[in-house]
Amino acid sequence: MFTREELIQFHGVFRNTQEFLEIDCGCTNPRYGDTPGKLRVYIEGKIEIDCTCMDDYPKVNISPIEFAKHAGRTNAHNNWKSQIWVFSHDGHKIALWRTCLLKYHTQTFQRPLRQVIHRDEFLRCSQCNKERRFILRNKEVCKIYHQALAKNNWRCSDVPNHSLTCDDAEERG
C-alpha cells in the first residue's frame, strides 16, 4: 500500500497490510491537551480512527471529523486534515495534510443527520412524471419531504392539504 521509503518517516506504525495501514495519531486541543488515537487508512480511501483516550470506554471506527470533535475542536468539519497529526520519525507532530497518508482518501464530508440545512429538493411524481419542488424551510415540510422520499410510488396527490395535483403545471427550470 505504502512504500517502505514513505513509511520510514513515521513513528508508531502498528500494521501495514495490503488492505490498510494503522498508525498512532492524535488531535491537540489548546485547552484540554492531546487526544491519542490509532489511525487506519484503507486502500479504498476510507479513514477510520480508534480513540484511545480512555481505556474503559474506547470509541472505535469513528471518522476523522468525529475524532476531532471528540477532542474538542469546534471547526472539525473544515480543518480536520490540519488538526489531526501523526508522529514523524524524530518525534515531531506532522499534520495529516502534510503527509502521504491521504493519497488514497476519497471520502467527502457528510452532513450530520440533525443539522439544519435550507435548500430546495425535487421529487418526481410516479404517476405524471413531473418534478415537484419541496421548499425545506421548517420541520414540517422536511418531514413531508422525507416521507415522500421513502415512498417508492409517490404521487402529487400525496401532498398534505391536497395543495398539488397532477393537473398542475410543472415548475419551469
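Worth saying up front: this structure is predicted, and the values here are computed from it rather than measured.
Summarising the local packing, NZ of Lys143 is surrounded by 12 or fewer heavy atoms from other residues, nucleotides or ligands at distances under 6.0 Å. Counting non-hydrogen atoms of neighbouring residues, nucleotides and ligands closer than 6.0 angstrom, the CZ atom of Arg98 reaches no more than 12 such neighbours. By the neighbour-count criterion of 12 heavy atoms within 6.0 Å, atom NZ of Lys130 is densely surrounded, having more than that number from other residues, nucleotides or ligands. Annotation: Phe122, atom CZ; neighbour count of heavy atoms from other residues, nucleotides and ligands within 6.0 Å is above 12.
Taking CD1 from Ile65 and NZ from Lys81, the interatomic distance works out to 9.5 Å, rounded to the nearest 0.5 Å. The line from SG of Cys156 to CD of Glu131 is 11.0 Å long, rounded to the nearest 0.5 Å. Summarising the geometry, atom CZ belonging to Phe2 is positioned 7.5 Å from atom OG1 belonging to Thr99; distances are rounded to the nearest 0.5 Å. A distance of 11.5 Å separates CG in Asp158 from CD1 in Ile144, rounded to the nearest 0.5 Å. Here the CD atom belonging to Glu121 is positioned 12.0 Å from the CD1 atom belonging to Ile135, to the nearest 0.5 angstrom. A distance of 9.5 Å separates NZ of Lys93 from SG of Cys27, quoted to the nearest 0.5 Å.
One side chain, Gln83 or Asn75, offers a donor N or O that lies under 3.5 Å from an acceptor on the other.
Among all heavy-atom pairs drawn from Tyr42 and Glu48, the shortest one is OH-OE1, 3.3 Å. Taking all atoms of both residues into account, the shortest heavy-atom contact from Ala148 to Phe134 is CB-CZ, 4.2 Å. Smallest separation of non-hydrogen atoms from Arg132 and Ala169: NH1-O, 3.1 Å. Residues Asp24 and Phe14 approach most closely at OD1-CE1, 3.1 Å, considering heavy atoms. Listed here is the closest heavy atom pair of Val86 and Leu101: CG1-CD1, 3.9 Å. Scanning all heavy atoms of the two residues, the minimum distance from Ile49 to Pro64 falls at CD1-CA, 3.9 Å.
Using a 30° and 60° split on the angle between ring planes, Phe87 and His11 fall in the perpendicular class, above 60°.
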Evaluate side chain to side chain contact (heavy atoms under 4.5 Å, CB included) for Arg73 paired with Asn79, printing each intermediate quantity in order.
CA-CA 9 Å; Arg73 302 305 297 233; Asn79 301 333; over 6 Å; no

With side chain to side chain contact (heavy atoms under 4.5 Å, CB included) as the test, would you mind laying out the steps for Trp80 and Leu96 before giving the verdict?
CA-CA 8 Å; Trp80 64 269; Leu96 271 184; 4.1 Å; yes

Show your working on side chain to side chain contact (heavy atoms under 4.5 Å, CB included) between Thr35 and Asn29 and close with a plain yes or no.
CA-CA 8 Å; Thr35 303; Asn29 184 311; 5.8 Å; no

Evaluate Asn61 against Arg40 for side chain to side chain contact (heavy atoms under 4.5 Å, CB included), listing each step before the verdict.
CA-CA 9 Å; Asn61 300 338; Arg40 261 190 312 281; 2.5 Å; yes

Derivation and outcome, side chain to side chain donor-acceptor pair (under 3.5 Å), residues Ser88 and Asp90
CA-CA 5 Å; Ser88 68; Asp90 57 353; 2.3 Å; yes

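Connection of Leu21 to Trp85 is not established within any shared hydrophobic cluster, with ILVMFWY side chains joined at heavy-atom distances below 4.5 Å, either directly or through further cluster members. Hydrophobic clustering (ILVMFWY, side-chain heavy atoms < 4.5 Å, transitive): Ile62 and Ile47 are in one cluster. Residues Leu102 and Ile43 are members of one and the same hydrophobic cluster, defined by side-chain heavy-atom contacts under 4.5 angstrom among Ile, Leu, Val, Met, Phe, Trp and Tyr. Hydrophobic clustering of Ile, Leu, Val, Met, Phe, Trp and Tyr side chains at less than 4.5 Å, counting indirect connections, keeps Val60 apart from Phe67.
The shortest side-chain heavy-atom distance between Cys125 and Trp154 falls under the 4.5 Å cut-off.
A donor-acceptor pair is defined here as one N or O able to donate and one able to accept, closer than 3.5 Å; such a pair exists between the side chain of His146 and the backbone of Cys142.
With sequence neighbours left out, Asp168 forms a salt bridge (Lys or Arg N to Asp or Glu O under 4.0 Å) with no residue at all.
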